[in-house]
Amino acid sequence: MAENNQPNIPEVFLSPYNPEAHEDTLYAMWNDSGYFNPDNCVKDGIADPEAEPFSIVLPPPNVTGTLHMGHAAMLAIEDILVRYHRMKGHRTLWLPGTDSAAIATQSKVEKIIQKEEKKSRHDLGREELLRRVDAFAEESKETIIGQTEKMGSSLDWSRYAFTLDEQRYHAVMTAFVNMFNDGLIYRGDRIVNWDPKGQTTISDDEIVYEERQAKLYTFKYSQDFPIAVATTRPETKVGDTAVAVHPDDERYKKYIGQTFDFTFCDVPVSVQIVADSEVDPEFGTGAVGVTPAHSKTDWDIADRAGITRRPQIINEYAKMTVEGRLNNLKTTVAREEVVKWLEEEGLLKSVEDIKQNVSTAERTGGIIEPLPKLQWWINVNKKFTQKHSEIPGIESGSDVTLKELMIAAVENDGVSILPERFERVYYNWITNLNDWCISRQIWYGHRIPAWYKGDEMKVQIESPGDDWEQESDTLDTWFSSGLWTFSTLGWPEQTDDLKTYHPTTVLETGYDILFFWVARMILMSGYHLGQVPFKNVYLHGLVRDSQNRKMSKSLGNTLDPLDMIAKYGADATRLSLIVGAAPGNDMPLSEDKVRAYKKFANKLWNISRFVLTSIADADWEQELQLSERDEEILKELRMKIAEVSEDIEKFSLYLAAEKAYHYVWHDLADKVLEESKPILNGADTAVRFARQYVLKECLVASLKMLHPFMPFVTETVWQHAPEAIKDQKLLMVAKWPN
RNA sequence: GAGCGAUUAGCUCAGCUGGUAGAGCGCUACAUUGACAUUGUAGAGGUCACAGGUUCAAGUCCUGUAUCGCUCACCA
């Protein structure tokens, strides 16, 4: 038996598998091989020059921080797909990058500076702040890249992209100018979502609603005013220009068209009674005080009523800009002041406690103050001519809107979203979509390429001359992110990469950024290239703890991927994030689960040791005579490989991983290996050799099958296995079995 | 207010196009120092949320109810 061959077994197998001892070396080895880059795979014959391309562009992590479990899950899923397709011989590209995340990064750096130096960005000035943010981003970038490598991600670092690097800058500017020239980008004076804390506008999607207790005040503007109105924000009433009632409301019909002038809390106010069918006669008093400058709804009512006077009475710092007792008060203080005045005047009729949804800014938590502002917008409802289209349902040369284009892409199966139910969520969002506000009053990001001289304005990439001043606003970070699938491939240049790898095969990301990002990529790619940017969208869920709670610092239930890697290895961390995690479902994760997969890595290690020991003396040239049982084992192996392959192709990674796991542990180890022991010890050399052959086949195929899921332990075994049983020096580029 | 999803073993979840229930972890008992104690074998444990319906047959399809969760909208 094998004892006389023990010396042939590398010493490494004599102790349990120790991930720490191998992972960094292996990653360096893979990276140095150059095979993360598909060009090298083609050059060395691993992929055919004509082979089908498979491409994923990595959702670029923000340069604000460090890797969390969500990132780890994303990297695991994408790396599995990529390694599988690379082994299948496809021209496989996984392109890495990082995102400047304008608002998030700038506000983080501002916070640090405020804390450490007690200075605001205005104390530093634009240039100095940008220098600081750049330095922070650079440092953070290094951290993120290092952590990404720890997970075993087989990313092509030679194509690394950063949203603010020169190539991407060029793409963003080109995109802006083209859309402006097509009339899809315009500058407009409208109500925006102003974040007084972040001192910038934000888009509708960056608002989060928080339920809070509020008071609903019912009052009359003056003793002579015939109608009482209700509001939660009495301080805004100094900016009212109308009171809207339902046109059929018998109580108020007679007043429609009348105008009332009075002084409200020291401020002269003129209010016209108007009819608007949007008003609900059942709510409050059935009459709405209309403050056009500080409410989107009211702005629209004023529009419909033809009221043009829209006094702004709150500034960017959420302070009152009127004269009198409210002058320069913060809105919250002014509110109390107005209520006090209403009581003094005997105008307050009732105060009621109600629950109210307050709009807050996602990034800063600041309470949104709607203000009228001159901003840059993307018009989603304007027709333009789509010169070239590969989008199903959209003819080249036809006139479409961005909305139509976004719907067509999904409706006609230009892209399939997984799980499917998110397609409905996507339609729902588009139906409610309004023009997208893309300008931000922050400094870190892509500065809008508009130039001003007096009343003149030009939109172009280069400055028209020294006497022209550039727009100070920057672009919403999702504008540049929307271009990501093709800006990373060299657009606007018609590069080989762009031709080969776009549209990309898969976009894999969290369902929480379906609107922010996925929808905007479809918009941008549709408009600029006439292509749907990806054939498949795989949406993963949120990583939760074992009790299905959100991981949060305050709950103290967070798991740090780097800790898990240090304790249990990257392979175990990856598997724990894959098994039981169907797309679109949240993923429960506990340390026990990670530990369980570390056991599996060790199990595989021991299986390998046993098989390698048992086949060490085999001469593969001799004649092979398989028994019926041998054939059966091989057949089961092939069936399992077929199942696992099919599941990966269908993106059912959670099933593929579990099946491969189950096969290796409970079929191969528990059954095949156990029943082989007497045969290997037996005297019949032909029977013994046949079984050696079978075990070799099972081991090689199992290592390959598990490699996408657990790249490190499988590659470690491979590196210590005899050359005679390998088809490639690196398991990473060995041929996928079938 | 609208839409969507979930409800299956103590816990976390599979169960795809319908044929009388599965995995992992946990639990119990036993075994095991020649691949592996990061092990093996065996076992207990479920009226598949509830009520109807379609069907020869329903966790699996349809309708309704309840509870939980998510997303979107937001009315002063």
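Values below: every heavy atom of this structure, side chains too, minus hydrogens, waters and symmetry copies. Residue numbering restarts at 1 for every chain, and letters A, B, ... go by the order of the sequence lines.
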Practice item. Respond yes when some side-chain nitrogen or oxygen of A:Tyr209 is under 4.0 Å from OP1 or OP2 of B:rC74, and no when none is. Key: yes
Check your understanding: Considering Watson-Crick and G-U wobble pairs with both distances under 3.5 Å, what does B:rA58 pair with?
Key -> none
Revision key, fill the gap. Sorted by chain and number, sequence neighbours left out, ring pair (Phe, Tyr, Trp, His ring centres under 6.0 Å) with A:Tyr654 holds for none
Point to revise | Euclidean distance for C1', B:rA42 against B:rU65 (whole angstrom) | key: 43 Å
Check your understanding: More 5' along RNA chain B: A:Ile607 or A:Ala596, using each one's nearest nucleotide?
Key -> A:Ala596
Exercise for review: Look at all strands and tell whether A:Thr285 reaches a base, only sugar-phosphate, or nothing, counting heavy atoms closer than 4.0 Å.
Suggested key: nothing
Practice item. Rounded to whole angstrom, note down the P distance from B:rG64 over to B:rG3. Key: 11 Å
Exercise for review: Scan every strand shown for a Watson-Crick or G-U wobble partner of B:rA42, both distances under 3.5 Å, and answer none if you come up empty.
Suggested key: B:rU28
Review point. B:rA23 C1' sits how many Å from A:Leu575 CG, rounded?
Key: 15 Å
Check your understanding: Does the side chain of A:Lys677 get closer than 4.0 angstrom to OP1 or OP2 of B:rA35 through an N or O atom?
Key -> yes
Check your understanding: For atom P, what is the distance between B:rA21 and B:rA2, given to the nearest Å?
Key -> 39 Å
Point to revise | Strand partner of B:rA66, provided both Watson-Crick or wobble distances fall under 3.5 Å | key: B:rU7
Revision key, fill the gap. Checking N1-N3 plus N6-O4 or O6-N4 for Watson-Crick, or N1-O2 and O6-N3 for wobble, each under 3.5 Å, the partner of B:rC48 is none
**Study point:** From B:rG24, B:rA76, B:rG5, nucleotide with atom closest to A:Tyr661 side chain
**Key:** B:rG24
Exercise for review: Evaluate whether atom CD of A:Glu20 has more than 12 neighbouring non-hydrogen atoms of other residues, nucleotides or ligands under 6.0 angstrom away.
Suggested key: no
Check your understanding: A:Ile273 CD1 to B:rA76 P: how many Å, rounded?
Key -> 20 Å
Practice item. Taking only the side-chain heavy atoms of A:Asn357 (C-beta and beyond), determine which of B:rA73, B:rU71, B:rA35 contains the nearest atom. Key: B:rA73
Exercise for review: Please state the P separation for the pair B:rU41 and B:rA35 - nearest whole angstrom.
Suggested key: 15 Å
Review point. If you measure only the distance, is there a donor-acceptor pair under 3.5 Å linking the side chains of A:Asp476 and A:Trp436?
Key: yes
Review point. Which part of the nucleic acid, if any, lies within contact of A:Glu674, taking any heavy atom under 4.0 Å across all strands shown: a base, the sugar-phosphate backbone alone, or nothing?
Key: base
Review point. Taking syn as any angle within 90 degrees of 0 and anti as the rest, which one fits B:rG59?
Key: syn
Review point. So what's B:rU33 paired with, Watson-Crick or G-U wobble, going by both distances under 3.5 Å?
Key: none
**Study point:** P spacing across the pair B:rG46 / B:rC11, given as an integer number of angstrom
**Key:** 13 Å
Check your understanding: Can you tell me how far P of B:rU39 sits from CZ of A:Phe600, to the nearest Å?
Key -> 12 Å
Exercise for review: Describe the nucleic acid contact of A:Val279 in one word from base, sugar-phosphate, nothing, applying a heavy-atom distance below 4.0 Å.
Suggested key: base
Practice item. Kindly check if the number of other-residue, nucleotide or ligand heavy atoms within 6.0 Å of NZ (A:Lys215) is above 12? Key: no
**Study point:** Rounded distance in Å - CD (A:Glu282) to P (B:rC74)
**Key:** 22 Å
Exercise for review: May I ask you to verify if any side-chain N or O of A:Trp665 is less than 4.0 angstrom from the OP1 or OP2 atom of B:rU39?
Suggested key: no
Point to revise | Audit row: A:Phe260, A:Tyr221, ring-ring contact (aromatic ring centres under 6.0 Å, His included) steps and yes/no | key: CA-CA 10 Å; A:Phe260 296 84; A:Tyr221 289 100; 9.5 Å; no
Check your understanding: Hey, does A:Asp670 reach any base, or is it just sugar-phosphate, or nothing, if we go heavy atoms under 4.0 Å?
Key -> sugar-phosphate
Exercise for review: Scan every strand shown for a Watson-Crick or G-U wobble partner of B:rA76, both distances under 3.5 Å, and answer none if you come up empty.
Suggested key: none
Exercise for review: Could you check which nucleotide pairs with B:rA2 in any of the strands shown, counting Watson-Crick or G-U wobble with both distances under 3.5 Å?
Suggested key: B:rU71
Revision key, fill the gap. In whole angstroms, the gap separating C1' of B:rG34 from CZ of A:Phe610 amounts to 10 Å
Review point. Starting at CG of A:Leu216 and ending at C1' of B:rA76, how long is that distance when rounded to a whole Å?
Key: 8 Å
Check your understanding: Across all strands, who's sitting opposite B:rA23 as a Watson-Crick or G-U wobble pair, both distances under 3.5 Å?
Key -> B:rU12
Practice item. Give the rounded distance in Å between these two atoms: CG of A:Asp280 and C1' of B:rA73. Key: 15 Å
Point to revise | Among B:rU71, B:rA35, B:rC72, the one nearest A:Val425 by side-chain distance | key: B:rU71
Review point. For B:rC74, does OP1 or OP2 lie under 4.0 Å from any side-chain N or O of A:Gln356?
Key: no
Check your understanding: Think A:Tyr654 has a side-chain N or O under 4.0 angstrom from the OP1 or OP2 of B:rG15?
Key -> yes
Exercise for review: Have a look at A:Asp592 and say if it touches a base, only the backbone sugar-phosphate, or nothing, with a 4.0 Å heavy-atom cut-off.
Suggested key: nothing
Review point. Which whole number of Å gives the distance between the P atom of B:rU63 and that of B:rG5?
Key: 11 Å
Point to revise | A:Ile578 CD1 to B:rA23 P, straight-line distance once rounded to whole Å | key: 22 Å
Revision key, fill the gap. Picking from B:rU38, B:rA76, B:rA23, the nucleotide nearest the side-chain atoms of A:Phe283 would be B:rA76
Exercise for review: Sticking with atom P, work out how far B:rG10 lies from B:rC48, rounded to a whole angstrom.
Suggested key: 13 Å
**Study point:** Ion pair A:Asp204/A:Lys296, N-O distance below 4.0 Å
**Key:** no
**Study point:** Phosphate OP1/OP2 of B:rC75 contacted by A:Thr297 side-chain N/O (<4.0 Å)
**Key:** yes
Review point. Of A:Lys593 and A:Ile207, whose closest RNA chain B nucleotide lies nearer the 5' terminus?
Key: A:Lys593
Practice item. Scan A:Leu655 against the nucleic acid and name what it touches under 4.0 Å (heavy atoms): base, sugar-phosphate only, or nothing. Key: sugar-phosphate
Point to revise | Lys/Arg cation over aromatic A:Trp299: A:Arg190, 6.0 Å, 45° cone | key: no
Check your understanding: Of the nucleotides B:rC72, B:rG24, B:rA35, which one has an atom closest to the side chain of A:Asn428?
Key -> B:rC72
Review point. Is it true that atom CD of A:Gln213 has more than 12 heavy atoms of other residues, nucleotides or ligands lying nearer than 6.0 Å?
Key: yes
Check your understanding: Hey, does A:Asn585 reach any base, or is it just sugar-phosphate, or nothing, if we go heavy atoms under 4.0 Å?
Key -> sugar-phosphate
Point to revise | C1' spacing across the pair B:rG19 / B:rU54, given as an integer number of angstrom | key: 16 Å
Practice item. Scan A:Thr232 against the nucleic acid and name what it touches under 4.0 Å (heavy atoms): base, sugar-phosphate only, or nothing. Key: sugar-phosphate
Review point. So what does A:Ala287 touch, heavy atoms closer than 4.0 Å: a base, only the sugar-phosphate, or nothing?
Key: nothing
Practice item. For a ring pair (Phe, Tyr, Trp, His ring centres under 6.0 Å) with A:Tyr597, tell me which candidate from A:Trp665, A:Tyr568, A:Tyr661, A:Tyr17 qualifies. Key: A:Tyr661
